[in-house]
Visitor: 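Please read through the structure below; I'll follow up with questions.
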Amino acid sequence: MTRHLQLAAALLFAATLPPALAAPKPPKHGGGDVEWMWQYTPDATHKDGRENDLAQDLRFKPFLEQFLTSPQTFWGQPIAGKYRSLANTALDHLSVPDKVLTDENRYITITGCVVHFCPARGLLWIDLNGAHHLVVFAAIDWTKEGRPTGDPDAEYNLWVFSDEPLSIAGPAEHPPAALTRSIARWATQPLAGNGIVQKITHAYLVDPDGTQHEVPPSALGVAPPPAPTDTDTEAPVLKPRN
């Protein structure tokens, strides 16, 4: 009986401890608070942020698994009828680190590409404002039936997934202007090694339930590919023989 009374007294004492002395709560992994990402944004030493450190943070993958739940069918081959999860697809496309940028002290943009195949590029965009954060993953995917990636005329598809439906119709500002500006900046970044700006010819918005909506790439901030010039279409001038 004495041992039971001692245990009860100890539990009662612990319950009355002030919060500063109580046991700390376990950290949230991928919960509603995403302010922890801010530490990886640019500073005086890291002008482009620390994307590699961010990707290795133990909270990063659970965050992706919470917010990126749409089914995807553009990346990889199905195994037993199931494609790779969107969270793992995002990890694939951010595995070679690029940048962690901020805009307006509110938005974070994380970019990277796929290991051994950097024409497959990824962007993760987060709106830190409000209780519910808008999280968007975008990927540039090569049209494999067309020209090789080393050709400036190779064509690509842009896939955009979010944790809430985005529509280019209606009075609401969806996609947000801050998102389309971020996509525009990213899409015009030349590929490393050859300096080619990828030619995005098709774009798709994907709802959380997997419903796909093809939209003009320009609706997502992508500049249309340049029209062929006269010199591209005219026959070469033949020089007379001597």
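On a predicted model such as this, the values are computed, not experimentally measured, just so you know.
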Visitor: For the residue pair D92 and R84, establish whether any side-chain heavy-atom pair is separated by less than 4.5 Å.
Guide: yes
Visitor: Are the side chains of V206 and T211 in touch, meaning some heavy atoms are under 4.5 Å apart?
Guide: no
Visitor: Any carboxylate oxygen within less than 4.0 angstrom of a Lys/Arg side-chain nitrogen, looking at R181 and D103?
Guide: no
Visitor: Looking only at the side chains, is there a donor atom on one of Y107 and N129 sitting less than 3.5 Å from an acceptor on the other?
Guide: no
Visitor: On a heavy-atom basis, which atom in L166 and which in P176 lie closest, and how many Å separate them?
Guide: CD2-CD, 4.3 Å
Visitor: In a table with atom names and distances, give each donor-acceptor pair under 3.5 Å that connects a side chain of residues 112-126 to protein atoms at least two apart or in another chain.
Guide:
unit_1, atom_1, unit_2, atom_2, d
R121, NH1, Q198, OE1, 2.7
R121, NH2, W186, O, 2.8

Visitor: For A184, does its backbone N or O pair with a side-chain atom of T188 as donor and acceptor, under 3.5 Å?
Guide: yes
Visitor: How long is the straight-line distance from OG1 of T149 back to CG of L191, given to the nearest 0.5 Å?
Guide: 7.5 Å
Visitor: Please check this pair: side chain of R50 against backbone of Q39, looking for a donor-acceptor N/O pair closer than 3.5 Å.
Guide: yes
Visitor: Looking at N88, is its backbone amide N or carbonyl O close enough to the side chain of S85 to form a donor-acceptor pair, meaning the two atoms are under 3.5 Å apart?
Guide: yes
Visitor: Can you find a pair of side-chain heavy atoms, one from L101 and one from I108, that are under 4.5 Å apart?
Guide: no
Visitor: Does D207 reach the side chain of L205, with side-chain heavy atoms less than 4.5 Å apart?
Guide: no
Visitor: Measuring from L54:CG to R59:CZ, what's the distance to the nearest 0.5 Å?
Guide: 9.5 Å
Visitor: For K99, is there any backbone N or O sitting under 3.5 Å from a side-chain donor or acceptor partner on T111?
Guide: yes
Visitor: Would you confirm whether Q72, through its side chain, and F74, through its main-chain N or O, come within 3.5 Å as a donor-acceptor pair?
Guide: yes
Visitor: Okay, side chain of D43, backbone of H46: is any donor-acceptor separation there less than 3.5 Å?
Guide: yes
Visitor: Under a single-linkage definition using a 4.5 Å side-chain heavy-atom cutoff for Ile, Leu, Val, Met, Phe, Trp and Tyr, are L91 and V96 assigned to the same hydrophobic cluster?
Guide: no
Visitor: Check whether Y83 and W142 end up in the same hydrophobic cluster, where Ile, Leu, Val, Met, Phe, Trp and Tyr are linked by side-chain heavy atoms less than 4.5 Å apart.
Guide: no
Visitor: For the residue pair W159 and Y204, categorise the inter-ring angle as parallel (less than 30°), tilted (30 to 60°) or perpendicular (more than 60°).
Guide: parallel
Visitor: May I ask you to test the L64-F137 pair for a side-chain heavy-atom distance under 4.5 Å?
Guide: no
Visitor: Between P208 and S70, what is the shortest heavy-atom contact and its length?
Guide: CA-OG, 3.2 Å
Visitor: Could you report the tightest heavy-atom contact between P97 and N52, atom names first, then the distance?
Guide: CB-N, 3.8 Å
Visitor: Where the side chain of D151 meets the backbone of D153, is there a donor-acceptor pair that is under 3.5 Å apart?
Guide: yes
Visitor: How close do T102 and W38 get, counting heavy atoms only, and between which atoms?
Guide: CG2-CH2, 3.7 Å
Visitor: Any chance NZ of K82 has more than 12 other-residue heavy atoms, nucleotides or ligands included, within less than 6.0 Å?
Guide: no
Visitor: So, do V135 and L68 sit near enough that their side-chain heavy atoms are less than 4.5 Å apart?
Guide: yes
Visitor: Would you give the length of the straight line joining atom CG of N157 to atom CD1 of I200, rounded to the nearest 0.5 angstrom?
Guide: 9.0 Å
Visitor: Strictly distance-based, threshold 3.5 Å: is any side-chain N or O of D127 a donor or acceptor partner for the main-chain N or O of H133?
Guide: no
Visitor: Could you check whether the rings of W36 and F63 sit parallel, tilted or perpendicular, using 30° and 60° as the cut-offs?
Guide: perpendicular
Visitor: Taking the side chain as C-beta and beyond, is there a heavy-atom pair between H202 and L158 under 4.5 Å?
Guide: no
Visitor: Test side-chain contact (heavy atoms from CB on, under 4.5 Å) on D163 and V136 and set out the steps.
Guide: CA-CA 7 Å; D163 64 328; V136 176; 5.7 Å; no
Visitor: For the atom pair OG1 (T89) and CG (D141), what is the distance rounded to the nearest 0.5 Å?
Guide: 10.5 Å
Visitor: Set out, in order, the CA-CA distance, both residues' side-chain angles and the distance that settles side-chain contact (heavy atoms from CB on, under 4.5 Å) for Y40 and D57, then state yes or no.
Guide: CA-CA 10 Å; Y40 299 109; D57 192 301; 2.6 Å; yes
Visitor: Give me the atom names and distance for the closest heavy-atom approach of A203 to P217.
Guide: CB-CA, 3.8 Å
Visitor: Quick one: does L220's side chain get under 4.5 Å of V160's, heavy atoms only?
Guide: yes
Visitor: Within this structure, what is the CD-CZ distance for the pair E164 and F67, rounded to the nearest 0.5 Å?
Guide: 10.5 Å
Visitor: To the nearest 0.5 Å, tell me how far T109 OG1 sits from L179 CG.
Guide: 8.0 Å
